[in-house]
Amino acid sequence: MPELPEVEIARRNLVRWLDGRRVVRAEADDTRVFRGARRQDFASLQGRLESLERRGKYLLFTFEGGRGLMAHLGMTGRFLRRPEGVPVPYSRARFYLDSGEVIHFADSRLFGRMEPCPASRLYALDAVKELGRDPLAEGLTAGQLQEALGTSRQALKVALMDQGRVTGLGNIHAAEALYRAGLHPARAPASLSPAEWARLADAIHASIAFGLEEQQGDEPAYLEDGAENRFLVYGRAGTPCARCGATVESFTQGGRTTHCCPQCQPLHPARKPPDGRRKTAARRR
DNA sequence: GGATGCCTGTGG
DNA sequence: CCACAGGCATCC
C-alpha cells in the first residue's frame with residue numbers, strides 16, 4: 001500500500017541500516033515477486049551499498065561491483081530489519097549483514113516486485129523509464145504539474161495517479177492533495193486555472209511532507225491494525241469534513257475508492273464564493 | 001473510459 | 001460471509 005512517503009521512509013531506513021555494513025549473503029525465495037526476472041541474480045547482490053535511489057514508488061539499489069536491484073513494494077511489501085534467527089512472516093528475500101542482522105523483504109500479497117539487473121540499466125527498465133516527475137526527488141512546480149497533467153482527458157484524480165505523468169502519488173495521497181487544494185477529484189484537468197495548478201502543487205508537497213512525518217521510523221506503520229485514521233478525507237466517508245462540516249463522500253474512480261468533501265471541493269467552482277448552503281448529492285456506501 | 005485479475009488479511 | 005484494501009498490468 002505504500003505510496004511515495006512510505007517508500008521514501010523505507011529508502012532512508014535501508015540506507016541507515018546498510019551504512020558501514022556489508023551484505024555477506026543474499027537469498028530470494030521462489031515467488032511471484034520476481035515475475036520474469038532472473039531470481040538467481042539476487043544472490044550476487046553482495047558487499048557494500050553504493051547508492052539507493054527512489055523514483056516514485058520504485059527503489060533502485062546499487063551495490064559495489066555494479067550490481068543493481070529494482071524493488072517495488074506493491075500493496076503489502078515492506079523492508080524489515082531483524083536479528084538473525086528471528087522469523088519474519090512472508091519474508092520473500094533477505095540480505096544477511098556482517099553485523100548479524102538480516103534485512104527482509106516481506107510481502108503477504110505478493111504484489112511487490114523485484115528485478116536484479118546491472119546498476120547501469122536500472123533507469124532503462126521499462127517500468128522506471130516511463131515514470132513521470134517525482135515531486136520530492138526532482139521537485140514539482142505548478143508549471144511542471146500543469147504540463148504533466150493538463151493534457152489528460154482522465155478525471156483529475158485518475159491523472160494524478162498516472163505514474164507516467166507525476167510519480168509517487170497513490171489513492172490516499174492523491175485524495176489528500178486534492179482535498180488540501182480544494183479541487184474535486186472528477187474535475188477535468190484541462191479546466192484548471194493557473195491558481196488551481198499552484199494550489200495543487202503546494203498541496204502535493206504538503207501531503208508528502210505530512211506522510212513523511214507520519215511514517216517515520218523503522219517499523220512501517222501503514223499496515224498496522226488499530227492505527228487511527230490521520231488523513232483529512234481518506235477513509236472518512238459519511239463523517240463531517242473537519243473544515244466545513246459537510247459530509248465527506250466516497251465514490252469510485254478508475255476502480256478505486258475516492259473520498260472528497262463536496263463543499264470544499266466543488267465540482268463546478270462558483271464564480272463567486274458560495275454564500276448559501278448547497279444541495280449535495282452525498283452518496284454513501 | 002471501465003472492468004478484471006493477481007494474492008492474502010481484516011473488518012463489517 | 002462478503003466486501004474491501006495505500007498497486008499495477010492487461011483486457012475490452
Side-chain angles (χ1 to χ4, degrees), chain A residues 1-10 29-37 54-59 70-79 88-92 105-115 125-132 134-136 151-179 185-190 204 207-208 210-215 219-239 250-260 284-285:
Chain A
M1 320 176 170
E3 303 182 24
L4 188 156
E6 295 77 18
V7 180
E8 175 62 16
I9 293 299
D29 303 334
D30 183 10
T31 69
R32 233 174 60 87
V33 162
F34 286 86
R35 307 293 197 279
R54 180 194 55 76
R55 276 300 176 277
K57 304 170 194 173
Y58 289 85
L59 289 170
M70 175 273 269
H72 191 293
L73 301 177
M75 288 280 264
T76 48
R78 46 184 148 177
F79 284 98
V88 169
Y90 307 106
S91 177
R92 311 297 190 181
F105 176 74
D107 182 7
S108 60
R109 288 176 76 180
L110 293 170
F111 289 178
R113 218 180 116 193
M114 284 192 163
E115 182 166 348
L125 293 174
D126 284 345
V128 177
K129 75 181 179 201
E130 286 163 12
L131 296 176
D134 184 295
L136 186 66
T151 57
S152 172
R153 301 173 46 127
Q154 312 254 92
L156 184 56
K157 172 162 172 281
V158 175
L160 261 184
M161 291 173 61
D162 180 345
Q163 304 299 302
R165 295 180 181 275
V166 163
T167 186
L169 298 177
N171 201 30
I172 290 187
H173 290 288
E176 293 290 291
L178 289 168
Y179 174 78
R187 288 280 302 276
I204 288 170
S207 295
I208 290 171
F210 176 78
L212 289 172
E213 196 65 31
E214 285 289 298
Q215 299 294 334
E219 296 297 307
Y222 48 89
L223 292 174
E224 305 306 314
D225 17 305
E228 74 171 306
N229 182 354
R230 309 259 299 146
F231 299 112
L232 301 172
V233 279
Y234 179 81
R236 297 198 179 280
T239 70
S250 76
F251 55 99
T252 298
Q253 280 183 302
R256 318 296 302 279
T257 302
T258 288
H259 299 83
C260 73
R284 353 207 320 268
R285 17 170 8 313

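Being a predicted model, the structure only gives us computed values, none of them experimental. Protein chains get the first letters and strands the later ones, always in sequence-line order, with residue 1 at the start of each.
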Using 0.5 Å steps for rounding, measure from the OH atom of A:Tyr58 to the CG atom of A:Leu125.
9.5 Å
Stacking between A:Phe111 and the base of B:dC6 (centre distance under 5.5 Å, interplanar angle under 30°)?
yes
Checking A:Arg236 side chain against A:Asn229 main chain: does a donor-acceptor pair fall under 3.5 Å?
yes
Taking the C1' atom of each, how far is B:dG1 from C:dA5, in whole Å?
24 Å
Could you check whether A:Gly255 gets within reach of a base, just the sugar-phosphate, or nothing at all, counting any heavy atom under 4.0 Å?
nothing
Identify all stems in which DNA chain C takes part, counting only runs of at least 3 consecutive pairs (Watson-Crick or G-U wobble, each distance under 3.5 Å), and give each as one range with another, ordered by first number.
B:1-6 with C:7-12, B:8-12 with C:1-5
Tell me whether the OP1 or OP2 atom of C:dG7 has a side-chain N or O from A:Arg256 closer than 4.0 Å.
yes
Hey, could you give me the NE2/CG distance between A:His173 and A:Leu160, rounded to the nearest 0.5 Å?
12.5 Å
Between A:Arg153 and B:dG1, does any side-chain N or O lie under 4.0 Å from OP1 or OP2?
no
Is there a side-chain polar atom (N or O) of A:His72 under 4.0 Å from OP1 or OP2 of C:dC8?
yes
Check the distance between C:dA5's P and A:Asp107's CG and give it to me in whole angstrom.
18 Å
Let's see if you can work this out: which of B:dC6, C:dC8, B:dT8 has an atom nearest to the side-chain heavy atoms of A:Lys57?
C:dC8
Integer-rounded Å distance: C:dA9 C1' and A:Arg35 CZ:
9 Å
Reckon A:Gln154 has a side-chain N or O less than 4.0 Å from the OP1 or OP2 of B:dG1?
yes
Say you draw a straight line from OG1 of A:Thr239 to NE2 of A:His259; how long is it, rounded to the nearest 0.5 Å?
9.0 Å
Rounded to whole Å, please give me the gap between CZ in A:Arg32 and C1' in B:dT8.
12 Å
Using whole Å, what does the distance between atom C1' of nucleotide C:dA5 and atom CZ of A:Phe231 come to?
13 Å
Show your reasoning for whether side chain to side chain contact (heavy atoms under 4.5 Å, CB included) applies to A:His72 and A:Phe111.
CA-CA 9 Å; A:His72 191 293; A:Phe111 289 178; over 6 Å; no
Check the side chains of A:Thr167 and A:Asp134 for a donor-acceptor pair under 3.5 angstrom, ignoring hydrogens and angles.
no
Is the shortest heavy-atom distance from the side chain of A:Leu110 to the side chain of A:Val33 under 4.5 Å?
yes
Spacing of the C1' atoms in B:dC6 and C:dC1 (rounded, Å):
22 Å
Measure from the side-chain heavy atoms of A:Glu3 and tell me the nearest of B:dG1, B:dC6, C:dG7.
C:dG7
Over how many whole Å does the gap from A:Ile172 atom CD1 to C:dC4 atom P extend?
17 Å
Regarding the side chain of A:Asn171, the nearest nucleotide among C:dA9, C:dG7, B:dC6 is C:dG7
Comparing A:Ser152 and A:Ser108 on DNA chain B - which has the more 5′ nearest nucleotide
A:Ser152
Determine whether A:Asn171 and A:Met161 make a side-chain contact, defined as any pair of heavy atoms from C-beta on separated by less than 4.5 Å.
yes
Between C:dC8 (C1') and A:Arg113 (CZ): distance, integer Å:
9 Å
Separation of C:dG7 atom P from A:Arg54 atom CZ, nearest Å, is 14 Å
When the P atoms of C:dA3 and B:dT4 are compared, how many Å lie between them, rounded to an integer?
13 Å
Length of the line joining A:Asp162:CG and B:dG1:C1', which is rounded to integer Å
13 Å
Would you say A:Thr76 places a side-chain N or O within less than 4.0 Å of OP1 or OP2 belonging to C:dA5?
no
